[in-house]
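Everything on this sheet refers to the single structure shown next.
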Protein chains: 2
Amino acid sequence: MSARVVPEDGRRRRRPTKQGAVLSERLIVDTALRLVGEHGADALSVRRLGAALGADPSALYRYFRNTDALLLALADELIGRAQDGWRATGEWRADLRAMGLRIHGSYLSQPQAALLAAHRTTGRPHETRAVETILGILRDGGFPDPLAVRIYHAFVDQALAFAAQDAAAAALPPAAAEADTEVWREVYGRLPADSHPHVAATFPLLAADMRDSGYPFALELMLAAVAALHPDARG
Amino acid sequence: MSARVVPEDGRRRRRPTKQGAVLSERLIVDTALRLVGEHGADALSVRRLGAALGADPSALYRYFRNTDALLLALADELIGRAQDGWRATGEWRADLRAMGLRIHGSYLSQPQAALLAAHRTTGRPHETRAVETILGILRDGGFPDPLAVRIYHAFVDQALAFAAQDAAAAALPPAAAEADTEVWREVYGRLPADSHPHVAATFPLLAADMRDSGYPFALELMLAAVAALHPDARG
DNA sequence: GTTTACACGTCAATGGTGTTGACGTAAGGT
DNA sequence: ACCTTACGTCAACACCATTGACGTGTAAAC
């Protein structure tokens with residue numbers, strides 16, 4: 001069985017499955033995202049996706065070469081959703097902030113797809129559009145090319161890295177997630193002041209702060225530092 | 001079978017396996033890291049680890065409640081290695097920089113293991129020591145507690161997130177890695193200037209910059225922004 | 001309208017995974 | 001030397017992704 005996948009636009013004969021569903025790339029991607037959204041990270045397996053579609057699991061291999069290809073399709077869909085409806089204001093700092101938060105948020109809405117795809121280069125249309133947009137914000141904002149490129153790199157990597165990091169936390173099986181929470185309460189909450197004075201002194205602050213993502217603050221720090229590098233910055 | 005795991009210090013009877021190995025937490029963790037380092041993340045399964053140890057796979061469950069517990073042990077080992085031989089200089093900026101680069105480097109030295117562990121809270125000794133150290137750098141450096149805690153959070157998350165991100169890239173199977181590289185050359189290198197003017201204009205700079213990790217620059221940006229927040233900063 | 005080719009849904013099988021309960025042996029405290 | 005029990009082993013379960021063979025029904029060709 002080689003080359004069983006037929007490209008989407010070459011498809012003609014859409015035979016319904018036994019249960020009456022008519023498959024398509026679009027339907028599969030949407031169903032996969034819905035499955036994940038409704039039943040969590042563990043719900044996405046070839047078997048379960050087949051069941052949700054009303055098809056034999058192996059039918060998916062007519063549409064995606066393997067699960068990795070399916071995940072890249074999900075990833076590009078997420079990048080696309082991050083940009084839906086966004087409009088540039090022309091103010092580079094506000095625009096970068098918005099893009100960062102949108103990418104982060106979009107990936108977080110589908111944690112386990114994000115996890116598997118945040119470190120891949122898909123080269124698909126939604127991705128290239130995002131690259132173009134962000135580079136444009138920086139160049140139109142007045143940063144010279146070499147600096148714009150360095151900032152672009154740090155900015156995008158940071159957004160994706162935090163997205164993956166927070167997605168990983170959100171995608172943890174319930175048992176592991178509870179284990180992490182309990183570690184905070186049971187271990188860090190009880191470290192003695194003589195061996196761990198700094199943790200002991202700040203524990204309430206720490207426990208409160210760690211509940212949320214560190215990204216928004218890290219993003220603000222990056223934007224502040226970048227502003228200081230702007231040609232127009234005084235000093 | 002409940003409560004089959006006996007804590008390491010309660011162990012007395014070290015019965016050798018059929019193949020003559022004498023198991024211990026230490027031996028299992030080291031073997032697991034070696035396995036992952038040599039044969040990739042996929043090589044880490046209970047069965048394969050058992051085989052590498054010369055023991056029945058289920059023997060591992062006498063030492064770790066489940067694979068998650070084993071992963072946390074691996075993560076803590078990496079954190080420990082990041083701190084080996086480090087000494088504070090008393091200069092918060094230099095110390096933070098060193099810690100960031102050490103954590104990042106330590107995880108990168110075992111990309112496959114880092115991938116599996118970078119987003120967990122272990123609560124184990126090496127981890128609590130690292131938390132204490134970093135908090136200490138900030139508090140002793142003159143940051144008031146609420147600010148120190150926020151900075152700590154952003155700093156640690158950034159280091160771990162980038163570590164995981166870069167580890168993921170380093171751990172890609174050769175085929176996928178080459179696919180990503182080719183996407184850069186074939187897709188981004190050929191985007192037409194009329195649809196993607198910014199990418200087209202900066203492609204050589206972009207391709208060169210993206211080869212390395214974005215972390216060092218992102219770290220410098222964060223440190224610069226943090227310096228501006230220091231109580232002693234003018235303005 | 002009938003024929004025909006093949007796209008694609010289905011079946012069955014392979015070899016992997018984590019995890020558990022039962023069991024017996026040998027190690028160590030007494 | 002005895003006895004308890006820690007712990008290594010075995011067998012089994014339920015799940016996983018993936019593949020080769022198969023045949024049906026669709027849609028194009030005539």
Side-chain angles (χ1 to χ4, degrees), chain A residues 1-25 27-28 31-32 35-36 39-72 112 116 172-176, chain B residues 1-25 27-28 31-32 35-36 39-72 116 173 175:
Chain A
M1 180 179 345
S2 54
R4 36 192 318 178
V5 175
V6 171
E8 188 70 2
D9 33 348
R11 291 185 181 275
R12 295 264 131 62
R13 312 188 181 172
R14 331 214 67 133
R15 161 149 47 153
T17 70
K18 258 186 175 172
Q19 301 175 47
V22 176
L23 300 182
S24 69
E25 262 192 35
L27 178 65
I28 294 173
T31 305
L35 203 58
V36 164
H39 302 102
D42 297 342
L44 190 61
S45 74
V46 174
R47 287 166 209 277
R48 268 197 273 246
L49 182 49
L53 285 162
D56 188 273
S58 63
L60 297 178
Y61 292 90
R62 299 282 179 200
Y63 294 83
F64 297 96
R65 209 165 42 75
N66 52 31
T67 49
D68 193 60
L70 171 58
L71 275 162
L72 286 184
Q112 94 307 341
L116 293 158
L172 281 183
Chain B
M1 182 181 343
S2 54
R4 32 190 324 174
V5 175
V6 170
E8 189 70 3
D9 33 346
R11 288 185 184 277
R12 296 263 131 61
R13 313 186 182 173
R14 329 214 68 133
R15 157 142 59 145
T17 69
K18 257 185 177 174
Q19 301 176 47
V22 176
L23 300 182
S24 68
E25 262 191 34
L27 178 66
I28 295 173
T31 304
L35 204 59
V36 165
H39 303 102
D42 293 347
L44 189 60
S45 74
V46 174
R47 287 166 211 276
R48 267 199 274 247
L49 182 49
L53 285 163
D56 188 274
S58 63
L60 297 178
Y61 291 90
R62 300 280 179 203
Y63 293 82
F64 298 96
R65 208 163 43 75
N66 51 31
T67 49
D68 192 62
L70 170 60
L71 268 186
L72 292 185
L116 301 169

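Below, read A as the first sequence line, B as the second, and so on, with proteins coming before strands; counting in each chain starts at 1. Computed over heavy atoms, backbone and side chain alike; hydrogens, waters and symmetry mates excluded.
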For [X] and [N], what is the distance between atoms [atom1] and [atom2] respectively, to the nearest whole Å?
X      : N       : atom1 : atom2 : answer
L70(B) : dG18(C) : CG    : C1'   : 12 Å
R62(B) : dC23(C) : CZ    : C1'   : 10 Å
I28(B) : dC7(D)  : CD1   : P     : 11 Å
D56(A) : dA17(D) : CG    : P     : 13 Å
L44(A) : dC16(D) : CG    : C1'   : 12 Å
F64(A) : dC8(C)  : CZ    : P     : 14 Å
R65(A) : dA17(D) : CZ    : P     : 16 Å
N66(A) : dT19(D) : CG    : P     : 8 Å

Checklist line | Residue mapping more 5' on DNA chain D - nearest nucleotide basis, R47(B) or T17(B) | finding: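 Nearest-nucleotide comparison on DNA chain D picks T17(B).
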Phosphate OP1/OP2 of [N] contacted by [X] side-chain N/O (<4.0 Å):
X      : N       : answer
S45(A) : dC16(D) : yes
Y63(B) : dC7(D)  : no
Y61(A) : dG9(C)  : no
K18(B) : dC10(D) : yes

Checklist line | Close side-chain approach of F64(B) and L72(B), heavy atoms under 4.5 Å | finding: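 Not touching, per the 4.5 Å side-chain cut-off.
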Note to self: Is any side-chain heavy atom of T17(B) closer than 4.5 Å to one of D56(B)?
What the structure shows: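 Result no, sub-4.5 Å side-chain heavy-atom pair not found.
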Notebook entry, point to check: If you measure from CG on L44(A) to CG on L71(A), what distance do you get to the nearest 0.5 Å?
Noted result: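 If I round to the nearest 0.5 Å, the distance is 6.5 Å.
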Checklist line | Separation of T31(A) OG1 from L27(A) CG (nearest 0.5 Å) | finding: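 Result: 4.0 Å between the selected atoms.
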Item checked: Per A55(A) side chain, nearest of listed nucleotides dT10(C), dT9(D), dT18(D) ->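 When the side chain of A55(A) is considered, dT10(C) is the closest of dT10(C), dT9(D), dT18(D).
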Notebook entry, point to check: Among dT18(D), dC16(D), dT9(D), which nucleotide sits nearest the side chain of T67(A)?
Noted result: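 Per side-chain heavy atoms of T67(A), the pick is dT18(D).
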Check: Counting N and O atoms only, with roles assigned by atom type, does the side chain of N66(B) sit under 3.5 Å from a partner on the main chain of A69(B), one being a donor and the other an acceptor?
Finding: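 Side chain of N66(B) to backbone of A69(B): a pair is present.
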Next item on the list: Could you check whether S58(A) gets within reach of a base, just the sugar-phosphate, or nothing at all, counting any heavy atom under 4.0 Å?
Entry: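 The answer is base, as S58(A) lies within the cut-off (heavy atoms under 4.0 Å) of a base atom.
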